[in-house]
Amino acid sequence: MNDMKFPSNFIFGAATAAFQIEGSAYADGKGPSIWDQFSHRKGKIRNGDTADIACDHYKRYNDDLSLMKELNLDAYRFSVSWPRIYPEGTGKINQKGLDFYSRLTDGLLEKNIEPFATLFHWDLPLALQRKYGGFENRDTSDYFAEYTETVVRHLGDRVKNWITINEPFVFAACGHLLGVHAPGKRSLTAYFKVIHNLLLAHGKSLQVIRGINPDSRAGISLSYSPVHPATDSEKDRQASLLANQFMNHITLSPLYNGEYPEPLRRKMRFFIPKIKDGDMKIISSPSDFLGLNVYTRDHALHKWYVPFLKSWIVSKKIPEAEFEKNGKEYTSMGWEVYPDAIYEVLKTVQNDYGNPPVYITENGAAFNDSVMDGKVHDEKRIRFLQGYLEKVNAASREGADVRGYFCWSLMDNFEWAEGSGKRFGLVYVDYETQERIIKDSGYWFKNLICLKNGE
Ligand code: IFM
């Protein structure tokens, strides 16, 4: 830990998302989201878990603020639940929803913790999905701008850091191409439409934020898993280039270059929606920072039978029985522990995208934690965080403009289709009693922050 030197203005925080922690699924006038609906569909979530209660954070946020203070966090990244603010997605505002985030924000500021608010972390109001087809419909980008305006007018005097959208690729791919996340669609056409409309929504939201609070800072959070060729063959190398474009540059390139990447655009021309004049300009409106969520890398193989792309990702999840394979380490998500991924991502953004200010808005690991004598000894997570942070530090020493790092996650929570069994937290949550226990990694992270602050 002592080898890592982070400047005192480097921000260390922890992140969460509304649907994953809040519970109180229908409290105080909240409307249903696509995830409330999807998580109750048979067979969609591991073990039939739901997030109806999750970490009960909506009711226990004060205790959770104390935990954040105990961890000495500089910042906290949370998301606002759109259907708490607009139960129908648009139209009538639910004041009680706004009040909740207002209390949370005040609590953070009282504790000297900088709020970073994400406006969309996947819990789209169900009404927008049912009536208009959700983000397949470009009008949803306007509803998002309306919602942005309401939230920023309410909190913008206190929240100065805004993240418009979390991981457009994952929302589009898992929810509209693979069908494993809400709303559960499987269509390549839907995938591209949703990517485009989310990016459009980001651009419009950015303009709204700027218009209301010129002194605030706003950006987007992108998932980025570098894709490496599975073998040394030229065909696999080509497959990895396309897979990288399909998963990573599909969002980075429009945001920073104002265009979808070639040759992806050529190969996918039948699926890419009609792009209206002016869209790319809105999408590439300058952001104040880029948020990057980095966990692992992937591998691509050439597969002749995959339509158009001819590229197949082989490493996203490996079965638990193979965790020790090849001397590599894996998290309980089946993701390879590969700290160089975060270095590669930061260097790519530095060298190929103009070195914008970056926050790592998510990085962390799920392991099978257990409580022993009231403690959680999670050495694997400590090793994971140390390894990745060393690489963040290395990239920063080589000129990458990285300003902060948010651990995913503050506490164990509802991991989407994987349910509640995958524990990513610095804090352990006993879902039966809602007791919280700071894990050894939480104390390790706290110590890192103290060292950075010279305490
Ligand atoms: O839990 C998710 C989060 O909601 C988005 N990024 C990845 C995390 C771990 O899968």
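Values reported hereafter were calculated over all heavy atoms of this structure, with side chains retained and with hydrogens, waters and symmetry mates removed. Throughout, residue positions are numbered sequentially from 1 according to the sequence presented. Nothing here was measured: the structure is a model prediction, and the numbers come from that model. Counting starts at 1 for both ligands and their atoms, following the listed order.
- Less than 6.0 angstrom separates the ring centroid of W416 from the ring centroid of F19.
- Between F169 and F171, the distance from one ring center to the other does not fall under 6.0 angstrom.
- Note that R423 lies outside the cation-pi zone of F367, set by a 6.0 Å cut-off to the ring centre and a 45° limit from the axis.
- Ring to ring, Y147 and Y143 are not that close: their centroids are 6.0 angstrom or more apart.
- Near ligand 1, heavy-atom contacts under 4.0 Å come from Q20, H121, W122, N166, E167, Y295, W335, E362, W408, E415, W416, F424.
- For the pair R297 and Y338, the distance from NZ or CZ to the six-membered ring centre is under 6.0 Å and the angle to the ring normal is within 45 degrees.
- Within the 6.0 Å centre-distance limit, the rings of F116 and F406 are counted as a close aromatic pair.
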